[in-house]
4 protein chains.
Amino acid sequence: MTDQINRVVLAYSGGLDTSVILKWLQQTYQCEVVTFTADLGQGEELEPARKKAELAGVKPEHIFIDDLREEFVKDYVFPMMRANALYEGLYLLGTSIARPLIAKRQIEIARMVNADAVSHGATGKGNDQVRFELGYYALAPDIKVIAPWREWDLTSRTKLIEFAEAHQIAVSKDKRGEAPFSTDANMLHTSSEGKVLEDPWDEVPDYVYSRTVNPEDAPDAPETITIDFERGDGVAVNGVGMSPATLLETLNEMGRRHGIGRLDLVENRFVGMKSRGMYETPGGTIYHLAHRGIEQITLDRGAAHLKDELMPRYAELLYNGLWFSPEREMLQAAIDHSQEKVAGTVRLKLYKGSVIVTGRKSPFSLYSEKVVTFEDDQGAYDQRDAAGFIKLNALRLRLLGRRDR
Amino acid sequence: MTDQINRVVLAYSGGLDTSVILKWLQQTYQCEVVTFTADLGQGEELEPARKKAELAGVKPEHIFIDDLREEFVKDYVFPMMRANALYEGLYLLGTSIARPLIAKRQIEIARMVNADAVSHGATGKGNDQVRFELGYYALAPDIKVIAPWREWDLTSRTKLIEFAEAHQIAVSKDKRGEAPFSTDANMLHTSSEGKVLEDPWDEVPDYVYSRTVNPEDAPDAPETITIDFERGDGVAVNGVGMSPATLLETLNEMGRRHGIGRLDLVENRFVGMKSRGMYETPGGTIYHLAHRGIEQITLDRGAAHLKDELMPRYAELLYNGLWFSPEREMLQAAIDHSQEKVAGTVRLKLYKGSVIVTGRKSPFSLYSEKVVTFEDDQGAYDQRDAAGFIKLNALRLRLLGRRDR
Amino acid sequence: MTDQINRVVLAYSGGLDTSVILKWLQQTYQCEVVTFTADLGQGEELEPARKKAELAGVKPEHIFIDDLREEFVKDYVFPMMRANALYEGLYLLGTSIARPLIAKRQIEIARMVNADAVSHGATGKGNDQVRFELGYYALAPDIKVIAPWREWDLTSRTKLIEFAEAHQIAVSKDKRGEAPFSTDANMLHTSSEGKVLEDPWDEVPDYVYSRTVNPEDAPDAPETITIDFERGDGVAVNGVGMSPATLLETLNEMGRRHGIGRLDLVENRFVGMKSRGMYETPGGTIYHLAHRGIEQITLDRGAAHLKDELMPRYAELLYNGLWFSPEREMLQAAIDHSQEKVAGTVRLKLYKGSVIVTGRKSPFSLYSEKVVTFEDDQGAYDQRDAAGFIKLNALRLRLLGRRDR
Amino acid sequence: MTDQINRVVLAYSGGLDTSVILKWLQQTYQCEVVTFTADLGQGEELEPARKKAELAGVKPEHIFIDDLREEFVKDYVFPMMRANALYEGLYLLGTSIARPLIAKRQIEIARMVNADAVSHGATGKGNDQVRFELGYYALAPDIKVIAPWREWDLTSRTKLIEFAEAHQIAVSKDKRGEAPFSTDANMLHTSSEGKVLEDPWDEVPDYVYSRTVNPEDAPDAPETITIDFERGDGVAVNGVGMSPATLLETLNEMGRRHGIGRLDLVENRFVGMKSRGMYETPGGTIYHLAHRGIEQITLDRGAAHLKDELMPRYAELLYNGLWFSPEREMLQAAIDHSQEKVAGTVRLKLYKGSVIVTGRKSPFSLYSEKVVTFEDDQGAYDQRDAAGFIKLNALRLRLLGRRDR
């Protein structure tokens with residue numbers, strides 16, 4: 001792919017890899033590079049990225065550093081949580097959900113600066129290249145995409161560092177050696193994979209965790225909290241109203257303290273291989289369970305079961321990078337339709353790595369003590385109806401039994 | 001339903017309720033009652049049931065007390081666990097899975113003793129009546145079913161006790177007052193519901209729990225265990241080979257000690273109402289996660305994702321009492337087909353209410369360190385293939401984008 | 001169900017059965033009866049129903065005769081057709097789709113006239129009782145429902161006619177004998193079942209068909225027509241813009257002439273038995289295929305396949321009477337989301353019982369001759385991308401193959 | 001892909017394209033070519049392929065011409081028909097289902113002759129390359145695959161013919177000009193696409209059809225036939241027992257005569273584009289409907305509906321070339337489990353392009369005239385059961401309605 005490129009927007013973290021990419025793009029494509037650095041709550045200083053970009057010759061007006069935290073939680077994390085999405089039964093999709101937003105913003109910038117290409121620092125073996133690029137292509141079908149890791153010959157750490165040094169790119173000491181694992185972080189989670197994690201039988205070393213305390217070091221006393229929901233989304237913690245990002249940050253801090261949300265997983269990548277990852281999703285884990293809790297009393301069975309059946313597909317679409325696809329939007333339309341009355345309060349207990357729902361209430365509760373009670377229900381439910389209900393549900397089985405047994 | 005009944009097989013626990021039913025059947029239907037008491041590992045003495053039945057006039061040869069523990073785990077719990085079944089995302093179906101076995105054995109006994117009817121002590125509001133009766137009808141389409149709770153006028157505790165006393169049925173002191181909740185137990189779990197649990201906002205009182213210690217009282221040190229699997233089923237704990245029932249009992253004891261498997265749930269009953277239950281599934285919770293753990297490295301993605309998509313339906317079928325149905329058997333055939341190479345060892349850590357997988361290995365592992373590694377993979381994977389993969393996956397989105405955006 | 005009833009709204013056709021019901025309700029419940037007769041395009045004179053109701057003592061202001069044809073097609077038939085709904089692979093759900101609208105209007109009238117009950121003439125073995133009553137209960141949870149066929153003792157034709165004669169209800173000659181089959185009709189279809197149709201091996205006698213000519217008697221020359229669609233709905237036939245009902249009527253006439261839309265089916269009823277029915281859906285059959293035709297070029301694959309996977313569930317919900325349910329609405333939201341650009345023209349050929357699509361075009365076509373062509377595509381598609389696409393799709397199968405084969 | 005190749009097995013039809021490929025492989029890879037020609041009932045002489053291969057220098061013992069017709073129908077077509085598979089609602093998958101068998105046999109031959117590579121003549125834009133290669137890789141993970149159309153520079157018809165003439169490959173006259181469309185044929189169907197078919201608005205010219213008469217030219221009298229089924233598979237036509245291939249051939253001839261099984265379709269390819277094809281599946285269309293017909297009376301509703309819900313996924317897997325995948329095998333296990341009692345006789349009427357079921361009977365029928373009858377059913381069904389059935393099915397809707405409406 002050595003088409004003529006004039007201007008490329010690079011998803012730029014300011015770290016070693018994307019700094020090398022920045023320079024490599026300038027050299028290889030003889031093009032202008034525009035940097036885009038997104039604040040998704042990854043917890044890093046972003047201003048240094050500006051200086052590094054400037055040093056690399058990027059024009060000041062071509063350096064974009066955007067705080068996307070509220071948009072991230074409100075328009076990506078929350079819709080996904082409405083679906084109770086779990087990939088392969090366990091994973092809260094923390095990396096997957098960030099990519100579409102980055103891609104979308106990158107395309108917006110490409111349009112603003114009249115760029116003809118976009119570039120990212122994801123490798124050729126992972127899911128993120130797919131997620132970025134499907135996003136790019138969906139939003140800008142004719143954009144050119146440059147994926148340096150699939151193109152260049154900097155195929156070893158040594159070569160990368162040599163390139164950096166040859167081009168006056170600062171290499172901090174801790175980047176010189178081989179990192180024992182690689183990470184990705186945003187407000188929803190931190191993921192770690194590679195090297196020391198590659199043997200799925202080996203326990204994850206304690207130093208890999210960065211977002212949660214070890215449950216064994218968590219407080220000896222449980223903490224009880226409440227989350228309020230409106231239209232399927234969290235709006236308050238412990239009765240205090242909060243913006244989406246603030247709410248997630250608040251839950252993150254609570255989860256961190258109690259060692260909540262660690263997951264050691266071997267998962268199936270879209271590109272066809274299995275990989276082992278370690279995820280920390282403190283606030284998201286709490287939120288996920290709370291959302292299920294409030295749905296328990298406000299969602300009708302038909303809606304709840306349909307959601308459960310659609311969920312694995314929805315999660316797979318997100319994992320595979322198909323956020324901007326008609327089928328994800330269709331599923332979202334169905335899911336969102338169900339959330340209007342998903343409102344009320346859930347109480348949870350956090351304790352040494354676990355989180356459990358201990359109560360839920362709602363002005364829209366479908367739970368009827370009057371109907372369910374073992375006590376006298378004053379005619380709310382006629383037990384004799386159950387006989388007919390069972391007889392007709394059994395009819396086909398009886399006809400079958402008469403034939404077969 | 002006052003058809004002429006000659007002989008009825010009653011699912012008989014020996015407790016107050018089924019003792020009253022026994023007598024009521026004799027009186028109401030002027031028929032011979034055959035009692036069937038199943039040991040499903042509920043942890044109660046069953047021999048007293050024999051004496052009570054004898055006292056009530058049941059012929060000795062008509063008193064059946066069967067130890068079904070191994071069959072229960074091997075032919076019901078394990079197949080369900082192969083499906084990773086969770087009802088409404090959370091519930092391990094401990095009650096649901098016991099009913100088909102009881103129904104099946106009851107029908108076998110009915111055939112042996114030439115009975116023309118069966119009876120059970122489930123109420124008219126719950127799921128268990130459905131599960132029992134769909135099982136009966138599927139296995140014996142022309143059997144008569146007597147559900148006393150839907151027929152009689154003993155509609156209050158007081159009337160029930162009056163009936164008992166009028167018929168020389170012993171009423172133990174603790175049964176005299178109103179029980180603060182009702183329970184069901186078997187080797188997989190104990191469930192509790194009713195009365196003090198009826199308000200889903202109220203926290204479950206500590207005295208309701210009977211199978212697990214409070215996580216806060218669990219040992220301060222985590223315990224690490226291993227479970228070995230073959231063909232999708234557990235075969236050993238900590239390297240010691242065990243029968244299915246022994247394995248589950250062993251995990252139960254471990255789970256109990258560490259406060260594992262408590263669940264406070266509001267669920268949707270098949271009969272149309274929401275109910276709030278508390279479940280304790282200590283060993284089952286560990287086993288469920290371990291099974292997912294071993295599948296992570298031994299199941300292909302296609303098989304794994306199909307299983308995840310079929311699971312909610314499978315769980316719903318079990319919950320609704322449709323174990324003996326063609327569609328459950330079809331799903332089981334699909335699931336079982338996937339389990340042949342689901343074998344190996346999973347390591348788990350138990351700690352104060354939580355259980356996490358910390359490692360898994362298998363002679364049939366599909367995880368390839370050679371393919372996934374960030375290091376030099378010696379050609380196992382060609383990163384340039386990813387470009388084509390993405391381009392063709394993107395093609396439809398690009399055509400769509402050109403049309404729409 | 002002999003609760004006190006003051007006023008009941010009866011779904012009233014003016015035929016013998018509902019005339020008997022009218023009288024029976026007055027007698028049995030000593031209540032005022034309000035009649036509701038819907039014009040759904042069944043092709044019968046409805047004004048005679050007014051006279052009969054008056055004769056039976058219904059107050060003029062309590063006789064409702066409503067033309068619901070446009071609403072029926074626009075808000076029920078068309079949304080269902082957007083889903084390409086087929087029950088059990090073949091049936092276009094012509095009866096199912098009419099019931100919710102009747103139930104809805106009946107409840108509206110009940111509110112207007114302050115009635116406390118509703119009643120219908122569907123039998124206790126069929127699906128329609130379920131469809132009516134689930135509609136009633138969903139829209140008016142506390143309404144009383146009277147289903148005479150499940151309550152009364154007029155269990156034979158003879159008794160029904162005796163009752164009619166005893167109450168001055170006119171019995172036309174052709175109703176005196178046993179009808180050889182029973183029918184239901186509306187603008188979408190006519191269904192026939194019972195008696196001469198009850199043996200599923202016997203061919204449907206020619207006299208059963210009323211809406212279509214025998215294909216063998218249809219014109220020897222095919223007829224080519226076009227249907228235009230906008231936002232997923234038909235808007236014109238042969239270029240002539242039409243309202244929904246007019247459009248369906250137009251297609252009905254075309255289908256009738258060419259013997260299109262006959263279906264002999266054994267289906268599974270919701271109440272648990274199999275029944276054999278004969279359906280004639282002339283216009284609907286044409287429309288269904290045309291809608292698939294326009295979707296072929298305007299729907300993305302992801303949307304199309306998701307629709308196909310959701311369709312059987314959607315059709316089952318409609319068949320079972322769950323139109324007014326959260327899960328049907330959720331599915332509809334997903335389906336409708338996909339239809340915005342489903343617009344353009346489909347050409348079809350009608351000939352002696354068959355209808356085939358022969359062409360489709362659209363301003364929103366996703367079909368790209370440039371991409372698909374065997375000829376030089378000028379770089380629109382790079383065939384080498386396919387190599388990578390296949391290699392990564394194959395990766396998991398190769399890992400599996402290395403393990404297993 | 002210029003790895004060293006020693007011996008390659010080519011899927012060889014003897015036509016111009018694969019003859020060019022044969023020579024191109026010999027030249028480009030300097031390797032020995034083994035030819036494999038499969039008789040799948042495509043209706044061509046295969047022995048000429050032997051001579052052409054010999055002329056091209058292939059050793060006699062390296063020329064494989066296999067009659068796979070019975071295996072094709074028995075182990076591929078019939079299992080697919082058990083699923084009632086239709087891709088995108090309409091297409092009977094005639095091309096898709098042939099590819100896995102060819103791939104399997106090709107790999108078997110590769111093992112026999114110790115080849116290290118396989119090759120095929122499918123282009124880089126179509127589905128068949130994917131189907132062949134996923135089959136190869138699944139069955140022989142380390143095989144080398146050569147897809148000349150993705151590699152060579154013979155990118156126009158002119159170049160291809162020049163190459164042929166330069167290498168003494170006979171070019172028949174009709175191959176010299178541009179063919180107006182391309183075809184694929186086997187016993188199940190003939191497909192046509194390209195050129196004159198590329199505009200989806202243009203009607204398919206009559207000369208494109210080769211397997212069926214124009215319905216307008218079909219006999220004026222309908223023909224009534226019967227098909228007998230055992231365990232889900234056809235075993236006899238008009239009462240005459242037949243092998244699978246003979247049965248399909250017999251139906252093909254009947255279908256051909258009556259103009260049955262033509263389909264004009266725009267479909268979504270796995271590689272991401274839409275294409276327009278014309279299919280003729282005369283016998284398959286009859287068989288498909290007959291299979292549904294016999295299932296109607298022998299399959300339980302639960303099994304039937306589950307099959308309907310799984311079908312689109314199953315069809316998609318086949319279309320995408322995933323026959324040899326765990327998920328297809330899982331679905332097949334579920335489907336096959338349902339077919340044991342799918343046995344009996346279906347009667348169909350063939351007439352001028354249409355085929356309809358007019359009767360079905362079975363020793364395993366689940367249809368119960370006694371239960372379904374409008375006449376006195378002597379207690380087989382208690383209509384009052386329906387009241388309870390409806391009440392409990394309505395319960396959740398009523399609770400919802402009380403909350404919402």
Side-chain angles (χ1 to χ4, degrees), chain A residues 84 88-89 124-125 129-130 133-134 137-139 141 150 194 198 200-203 215 264 266 268 271 273-275 292 296-297 301 304-305 308-309 312-313 316 325 351-354 357-361 366-369 371-374 381 383-384 386-387 390 393-394 397-398 401-402 405, chain B residues 84 88-89 124-125 129-130 133-134 137-139 141 150 194 198 200-203 215 264 266 268 271 273-275 292 296-297 301 304-305 308-309 312-313 316 325 351-354 357-361 366-369 371-374 381 383-384 386-387 390 393-394 397-398 401-402 405:
Chain A
N84 301 323
E88 301 192 340
K125 279 191 174 177
Q129 57 177 340
V130 189
E133 298 179 28
L134 293 184
Y137 285 130
L139 300 171
R150 297 200 305 257
E198 276 185 9
W201 177 247
D202 289 348
E203 187 163 356
D264 171 349
V266 177
N268 293 291
V271 292
M273 68 189 68
K274 288 183 180 292
S275 73
R292 275 220 172 258
Q296 284 167 14
I297 54 169
R301 182 184 69 201
H305 288 202
D308 282 350
E309 291 195 51
R313 173 67 61 92
E316 184 184 63
S325 71
Y351 176 65
K352 286 190 176 285
S354 72
V357 170
T358 65
R360 62 300 263 168
K361 64 181 178 185
L366 290 167
Y367 178 91
S368 167
E369 212 166 317
V371 170
V372 79
T373 186
F374 284 152
Y381 177 98
Q383 305 212 9
R384 284 163 306 179
I390 295 170
N393 275 303
L397 301 176
R398 297 173 76 190
R402 279 191 200 121
R405 316 255 180 195
Chain B
N84 301 323
E88 301 191 339
K125 280 192 175 177
Q129 57 176 339
V130 189
E133 297 178 30
L134 292 184
Y137 285 130
L139 299 171
R150 296 200 305 257
E198 277 185 9
W201 177 248
D202 290 348
E203 187 162 355
D264 170 349
V266 176
N268 294 291
V271 292
M273 68 187 70
K274 288 182 181 292
S275 73
R292 275 219 172 258
Q296 284 167 14
I297 53 169
R301 182 184 68 201
H305 288 201
D308 281 351
E309 291 194 51
R313 173 68 60 91
E316 185 186 63
S325 70
Y351 176 65
K352 286 190 175 285
S354 71
V357 170
T358 64
R360 62 301 262 167
K361 63 181 178 185
L366 291 167
Y367 178 92
S368 167
E369 212 166 319
V371 169
V372 79
T373 186
F374 284 151
Y381 177 98
Q383 303 212 11
R384 284 163 306 180
I390 295 170
N393 275 302
L397 302 176
R398 296 173 77 191
R402 279 190 200 122
R405 317 256 179 194

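What's counted below: heavy atoms across the whole structure, side chains too, no hydrogens, waters or symmetry copies. Below, chains carry the letters A, B, ... as their sequence lines are ordered, and counting in each starts from 1.
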Determine the minimum heavy-atom distance between [X] and [Y], stating which atoms define it.
| X | Y | answer |
| --- | --- | --- |
| A:R150 | B:Q383 | CD-O, 3.3 Å |
| B:V130 | B:V271 | CG2-CG1, 4.0 Å |
| A:D264 | B:T358 | OD2-O, 3.4 Å |
| B:M273 | A:V371 | CE-CG1, 3.7 Å |
| A:Y381 | A:A386 | OH-CB, 4.0 Å |

Residue among [options] with most heavy-atom pairs under 4.5 Å to chain B:
| options | value |
| --- | --- |
| A:A387, A:G353, A:S325 | A:A387 |
| A:A394, A:S368, A:P200, A:P312 | A:P200 |
| A:P215, A:S354, A:A304 | A:P215 |
| A:K352, A:E198, A:E203, A:E133 | A:E198 |
| A:Q296, A:R301, A:R360 | A:R360 |
| A:K125, A:R313, A:E88, A:E369 | A:K125 |

Checklist entry - Out of curiosity, B:N268 CG to A:I297 CD1, how far, rounded to the nearest 0.5 Å? => result 11.5 Å
Please look at [X] and chain B and tell me whether the side chain, the backbone, both or neither of the residue comes under 4.5 angstrom of a heavy atom of that chain.
| X | value |
| --- | --- |
| A:E316 | side chain |
| A:D202 | backbone |
| A:R402 | both |

Checklist entry - Would you find a donor on one side and an acceptor on the other, under 3.5 Å apart, between the side chain of A:Y137 and the backbone of B:N393? => result no
Item to check | Which of B:S275, B:G194, B:G401, B:G359 touches chain A most, by non-hydrogen pairs under 4.5 Å | outcome: B:G359
